[in-house]
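First the structure, in the form of C-alpha cells, and then the observations on it.
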2 protein chains.
Amino acid sequence: MRPSAKKIASLLSQKGHKLTAQRRAVIDVVVNSREHLAPAALYERVRRAHPAIGLVTVYRTLEMLHELGLICRVHRGGKSRTYTLAPSGHHHHLVCTECGIVADFTDCDLEVLQQRLSQETGFKIEGHLLQFVGHCRNCQGGT
Amino acid sequence: MRPSAKKIASLLSQKGHKLTAQRRAVIDVVVNSREHLAPAALYERVRRAHPAIGLVTVYRTLEMLHELGLICRVHRGGKSRTYTLAPSGHHHHLVCTECGIVADFTDCDLEVLQQRLSQETGFKIEGHLLQFVGHCRNCQGGT
DNA sequence: CTTATAAGTGAAAAACATTTTCAATTAAGT
DNA sequence: ACTTAATTGAAAATGTTTTTCACTTATAAG
C-alpha cells in the first residue's frame, strides 16, 4: 500500500523538519505520480500547484525524502536521476530502453552470491543494485 | 587474457577508423590501467605521454571504444562514468562507496529470475545491471 | 497572540561532466 | 606527393546538480 501525502508529511515533521507549503507541494506530486520522475519533470508538475517554487527547493526536498528513505532514487546512465515513491522495502527495476518506463519487482535472491563475494573480496557489502533492461510490451514492435 | 594495445588498435582500423597518435595514447593508458577510470582521470594520464591531447578527444575515443565493445563503461551514481578494458564477456561490479575502487565478478545466475520477470511483465529483457556496493577492505576501519 | 530564531527559500552563480561547433590538421588510400 | 574524408582541439553550449547568501517563515516559547 502506498503511503499517503499526510503520512509522509507527518514523518517529516517528526524528524524535525519544517512543513512548508513547498514541501507539501513536492510530496503531493510524488505521491500522485505513478512514474519515476526526474527533478526537472517534477519541478514542472509542482509549478502547476505552486508557481513560485524554485528548482533548487525541489532538489533539496527530493534529497531529503530520499535520505529519510521515503522515496527511491534511480540513476539512469549519466543523464539524470529519477525519483519515485518508495514501495515498502527492498525492490528493483526493469527499465525499457525505448520509452523509459520503469517496472518494479521485489525478489532477487542474491544473498548467496553476496556472501560468497564478500568472502572472496573482503568487501563489507552494504547493498546492491539490480536492474534489468529491455523493451516493454508496447515498444517491442517498432524499429 | 587481457587484449593488447596492438590488438585493439588493429580492430579499430579494421572497422574503418583512423589510427591517430591520440587514439594510441588513450588505448595505451586503458590497457595499462587495472582500475576503472573516469574520462578526466584518464585524460590526466594520457597527457603524460601526449601533452597536447584534448579532453574532448579522450571522450570521443572512449565512446568509440565502448561502442565497439572493447572497453566497458560503468555509471556511478550521477557523478561520472568510468571506463575499463573489457574483460572477456559478461561481468559485474562491486563498488566501494568510500574510495570508489571497483572489483569485477562474472557469475550472477539470474536466468531464472529473468525468465519469470519476462513472463510476468511482458518485457523482452535484453540485459541486466548488477552491482554490489559496500566498503572495501581498506575502507572498513575509518569514519 | 507576539516574539525569537533556526530552518527553509529562491535567484543567481558556481561547479561539474558531457556535447557541439567549426576551422585547422592529418592518416591513409590513390 | 596528392586528395579527401576523418579527426582534432579550443571554445562555447548544454544540462544537471550544488553552493551561496540575503530574505522569509514555520514552529516553539513566552
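- With sequence neighbours excluded, the residues satisfying side-chain contact (heavy atoms from CB on, under 4.5 Å) with Thr57(B) are Gln22(B), Ile53(B), Arg60(B), Thr61(B).
- No continuous path of hydrophobic side-chain contacts links Val26(B) to Val56(B) [ILVMFWY only; heavy atoms under 4.5 Å].
- Evaluation of the side-chain contact (heavy atoms from CB on, under 4.5 Å) rule for Leu68(B) yields Leu12(B), Lys15(B), His17(B), Leu70(B) as partners, not counting sequence neighbours.
- Arg81(A) has its CZ atom 12 Å from the P atom of dT16(D), to the nearest Å.
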| query | Going through the distances and angles, do Gln14(A) and Leu11(A) end up as a side-chain contact (heavy atoms from CB on, under 4.5 Å)? | reply | CA-CA 5 Å; Gln14(A) 269 175 47; Leu11(A) 282 170; 4.2 Å; yes
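- Not counting sequence neighbours, the partners of Lys6(B) by the side-chain contact (heavy atoms from CB on, under 4.5 Å) test are Ser4(B).
- Summarising the geometry, the separation between CG on Leu12(B) and P on dA28(C) is reported as 10 Å, rounded to the nearest angstrom.
- Between Leu113(B) and Phe105(A), some side-chain heavy-atom pair lies under the 4.5 Å cut-off.
- Checked against salt bridge (charged side-chain N to carboxylate O under 4.0 Å, His left out), Arg45(A) has the following partners two or more places apart in sequence or in another chain: Glu35(A).
- Other residues, nucleotides and ligands contribute at most 12 non-hydrogen atoms within 6.0 Å of the CD atom of Gln115(B).
- Residues from residues 41-67 of chain B lying near DNA chain C, meaning a heavy-atom separation below 4.0 Å, are Val56(B), Tyr59(B), Arg60(B) in numerical order.
- Within residues 14-35 of chain B, the residues that have a heavy atom under 4.0 Å from DNA chain C are, in order of number, Lys18(B), Leu19(B).
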